[in-house]
Structure formats: C-alpha cells, structure tokens
Amino acid sequence: GAEEADAVCRTVRLIRHATSLGAVESTMERRAAVPGQEHLPPSLLRLSVGIEDADDLWADLDAAIRAAVAG
C-alpha cells in the first residue's frame with residue numbers, strides 16, 4: 001500500500017527519493033503521491049538505476065522493504 005511504499009522511500013539509504021530521474025545516482029519516487037497522478041497504484045515505486053554497485057542497491061532495497069513491512 002501507499003504507507004509501505006512511502007516507508008520504503010524514507011528508509012533507503014543509498015537510493016535518493018527524487019522526482020527527477022535523470023541523474024547518475026539511483027533515484028526512486030512514489031508517483032501516486034504527486035498531484036494529478038492519484039490514478040496510479042498507491043504502492044507503485046518508480047526506480048531509476050544509476051551507476052552504484054548492483055549488490056549495494058539490492059541490499060538497500062531489501063533492507064528498506066523489510067523495514068517497511070515490519071512496520
């Protein structure tokens with residue numbers, strides 16, 4: 001849901017929570033939180049992968065998702 005998706009965006013440490021997805025660093029956003037985009041699924045996270053190590057990104061996402069699900 002939206003609450004868990006927002007928690008993931010707040011909890012990631014390596015990935016930046018950002019609307020602009022045009023940089024070299026990894027970014028993510030919950031698009032349904034943007035005015036006018038409420039028609040999108042509330043839990044949908046948009047991720048743009050940058051130049052960081054893939055294993056570091058997976059670890060960051062895993063930790064953030066586990067924390068969001070745990071409450």
Practice task
Say whether, by atom type as modelled, one donor and one acceptor occur between the side chain of Gln37 and the main chain of Pro35 under 3.5 angstrom.
Solution key: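 No; judged by distance alone, with no hydrogens or angles, the pair does not exist.
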Practice task
Check for a donor-acceptor pair, side chain of Asp60 on one end and backbone N or O of Arg13 on the other, with a separation under 3.5 Å.
Solution key: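 The answer is yes, because a donor-acceptor pair under 3.5 Å joins these two groups.
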Exercise for the section: Consider only side-chain heavy atoms of I, L, V, M, F, W and Y, link residues closer than 4.5 Å, and tell whether Val49 and Leu14 are in one cluster. Expected result: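 The answer is yes; both residues are in one hydrophobic cluster.
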Problem - same_hphob_cluster(Val8, Val69) at 4.5 Å side-chain heavy-atom cutoff - result: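 Yes: a chain of side-chain contacts under 4.5 Å links Val8 to Val69.
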Practice task
Could you tell me the separation between the CZ atom of Arg16 and the CD atom of Glu29, rounded to the nearest 0.5 Å?
Solution key: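 Rounded to the nearest 0.5 Å, the CZ-CD separation comes to 15.0 Å.
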Problem - Nearest-0.5 Å distance that lies between atom CG in Leu45 and atom CD in Glu4 - result: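 So the gap between those two atoms works out to 10.5 Å.
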Problem - Residues forming a side chain to side chain donor-acceptor pair (under 3.5 Å) with Glu52, sequence neighbours excluded - result: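 Listed in chain order: Ser26.
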Handout entry: Partner set under side-chain contact (heavy atoms from CB on, under 4.5 Å) for Arg66, not counting sequence neighbours
Key =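 side-chain contact (heavy atoms from CB on, under 4.5 Å) list for Arg66, sorted by chain: Asp62.
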Handout entry: Those residues that, when tested against Pro42, pass side-chain contact (heavy atoms from CB on, under 4.5 Å) (two or more places apart)
Key =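 Pro42 satisfies side-chain contact (heavy atoms from CB on, under 4.5 Å) with Ala2, Arg30 only.
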Exercise for the section: Check whether more than 12 heavy atoms from other residues, nucleotides or ligands sit under 6.0 Å from atom CD of Glu3, and answer yes or no. Expected result: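 It does not: Glu3 CD has 12 such atoms or fewer within range.
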Exercise for the section: Report yes if some heavy atom in the side chain of Leu61 is under 4.5 Å from a heavy atom in the side chain of Leu47; otherwise report no. Expected result: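 Side-chain contact under 4.5 Å: yes.
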